[in-house]
Amino acid sequence: MPLSIHQFAIGSDNLGVLIHDDATGKTASIDAGDEAPILAALKETGWALTDLFITHHHSDHIAALQPLKKRFGARVVAPAADVHRIPDIDVAVREGDRVQLGETDFTIIETPGHTSGHIAYYCEAAKVLFAGDTLFSLGCGRLFEGTPQQMWASLSKLARLPDDTLLYCGHEYTLSNARFAVRYDAGNEALHRRITEVEALRAKGEFTIPSRIGVEKATNPFLRADEPALAQAIGLAGRPAIEVFAALREAKNKG
Ligand code: ZN
Ligand code: FE
């Protein structure tokens, strides 16, 4: 594995991630929500921060960008679409661009929907995806700036990655997502198995993240809007996936 990964909590439900290129020692923080827990994670790992890989402009993902850049001189990689609202960007990236962390390559995947500029970082060699607030385990981000069509297209892109791709995301929302998922996919055995696993992990105080793309394809209702059972459950039998997706997202907003 060319990449070492350290995940940690930021506040009540944000997830921080440090990634470390073993060959060169370069270390990136995926997003920068809060300085203190990121500094603590750097201390714990002994890694020196060189890069910030930003997924989107929300403050729980960039509040510590400027303090960390100032402290470490870190290079800031962020969406080109957000240059007007993310400060101090060094490398503005778009769909298909490649960024390096030392000797490890990442491909940028544009995933508009949660925000219009949102991006994900995919490392094919390490089989790992950093999806920010686009794809959560058993859930997806709220549509603050995008249409259901955009978000469905973004999620469908992520779902095409290999099944064994590890999924890291911006929030530990899995348990509450599970309660929603089971309402609309009650006959899904894979979902019930995942819920049992998630409850056990949370009972031990452990993260449910990373998940895997294949697990999410089998269990996440927002990737399963093309399944007849979900269309039926939300009262849209025979309707296109995009309508089912939009209705599921709407129902989730209502809690
Ligand atoms: Zn967000
Ligand atoms: Fe967030």
Side-chain angles (χ1 to χ4, degrees), residues 1-10 14-33 35 37-56 61-62 64-65 68-69 71-82 86 88-111 117-137 154 157-171 207 209-216:
M1 179 103 155
L3 206 62
S4 299
I5 301 176
H6 176 72
Q7 181 175 244
F8 53 97
I10 297 185
N14 276 79
L15 292 170
V17 190
L18 294 177
I19 58 176
H20 178 80
D21 176 57
D22 296 332
T24 62
K26 295 249 185 198
T27 300
S29 173
I30 305 293
D31 287 329
E35 192 176 19
I38 295 173
L39 292 178
L42 288 165
K43 195 168 177 196
E44 191 185 335
T45 53
W47 299 340
L49 190 75
T50 55
D51 292 80
L52 296 171
F53 286 4
I54 304 296
T55 64
H56 68 296
H61 299 259
I62 66 163
L65 186 158
L68 287 170
K69 184 174 171 70
R71 187 186 286 264
F72 294 98
R75 176 182 72 151
V76 177
V77 181
D82 283 334
I86 296 177
D88 294 345
I89 298 177
D90 296 297
V91 184
V93 290
R94 295 184 187 282
E95 175 76 19
D97 283 354
R98 296 198 163 237
V99 289
Q100 277 76 40
L101 182 70
E103 295 180 2
T104 306
D105 262 28
F106 293 80
T107 304
I108 303 304
I109 304 175
E110 290 184 343
T111 57
H118 198 295
I119 59 172
Y121 295 82
Y122 173 54
C123 176
E124 193 179 0
K127 296 189 172 186
V128 59
L129 174 72
F130 300 98
D133 287 1
T134 297
L135 176 61
F136 299 129
S137 184
S154 294
K157 262 199 250 182
L158 301 183
R160 285 194 289 272
L161 296 174
D163 280 356
D164 58 351
T165 304
L166 283 171
L167 168 70
Y168 284 86
C169 57
H171 294 269
F207 298 125
I209 306 298
S211 182
R212 286 189 189 270
I213 289 292
V215 169
E216 295 307 313

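Not measured: the values here are computed from a predicted model.
Counting non-hydrogen atoms of other residues, nucleotides and ligands closer than 6.0 Å to NZ of Lys69 gives a total above 12. Remark: Glu124 CD is loosely packed, at most 12 non-hydrogen atoms of other residues, nucleotides or ligands lying under 6.0 Å away.
Listed here is the closest heavy atom pair of Ala23 and Glu103: CB-OE1, 3.3 Å. Heavy atoms only, all atoms of each residue included: Ala159 and Ile213 are closest at O-CG2, 4.0 Å. Of all the heavy atoms in Ser211 and Glu216, the pair that sits closest is OG-OE2, 2.6 Å. Between Pro79 and Ile54, the shortest heavy-atom contact is CD-O, 3.6 Å. Taking both residues in full, the closest heavy atoms of Asp133 and His171 are given as OD1-CD2, 3.0 Å, listed atom of the first, atom of the second, then distance. The two residues Ala92 and Asp97 come nearest to each other via the heavy atoms O-OD2, 4.2 Å.
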*Does the salt bridge (Lys or Arg N to Asp or Glu O under 4.0 Å) test come out yes or no for Arg98 and Asp105, once each step is laid out?*
CA-CA 7 Å; Arg98 296 198 163 237; Asp105 262 28; 3.2 Å; yes
*Take Leu68 and Val76, measure what side-chain contact (heavy atoms from CB on, under 4.5 Å) needs, and give me the verdict at the end.*
CA-CA 10 Å; Leu68 287 170; Val76 177; over 6 Å; no
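For the atom pair Ile89 CD1 and Asp82 CG, the distance stands at 7.0 Å (nearest 0.5 Å). To the nearest 0.5 Å, atoms CZ (Phe8) and CD1 (Ile38) are separated by 5.0 Å. Atom OG of residue Ser137 and atom CG of residue Leu167 lie 7.0 Å apart, to the nearest 0.5 angstrom. Put simply, CZ on Phe106 and CG on Asp51 are 9.5 Å apart, with the number rounded to the nearest 0.5 Å. Rounding to the nearest 0.5 angstrom, the gap separating the CZ atom in Arg71 from the CG atom in Leu42 is 9.5 Å. The distance from atom NE2 of His61 to atom CD1 of Ile10, rounded to the nearest 0.5 Å, is 9.0 Å.
Residues Ser29 and Leu52 have side chains in contact (heavy-atom distance under 4.5 Å, counting atoms from C-beta outward). The shortest side-chain heavy-atom distance between Val17 and Ile209 does not fall under the 4.5 Å cut-off.
The side-chain hydrogen bond (donor to acceptor under 3.5 Å, both in side chains) contacts involving residues 159-168 comprise Lys127-Asp164, Asp163-Lys217, where partners must be two or more places apart or lie in separate chains.
Taking the six-membered ring for Trp, Phe53 and Phe130 have ring centres at least 6.0 Å apart.
The backbone N or O of Ala131 sits nowhere less than 3.5 Å from a side-chain atom of Tyr122 that would complete a donor-acceptor pair. Put simply, the side chain of Thr50 gets close to the backbone of Thr27: a donor and an acceptor are under 3.5 Å apart. With Lys157 contributing its side chain and Glu110 its backbone, the two residues share a donor-acceptor pair below 3.5 Å.
The one candidate from Thr111, Thr134, Asp31 that meets the side-chain hydrogen bond (donor to acceptor under 3.5 Å, both in side chains) condition with Thr55 is Asp31.
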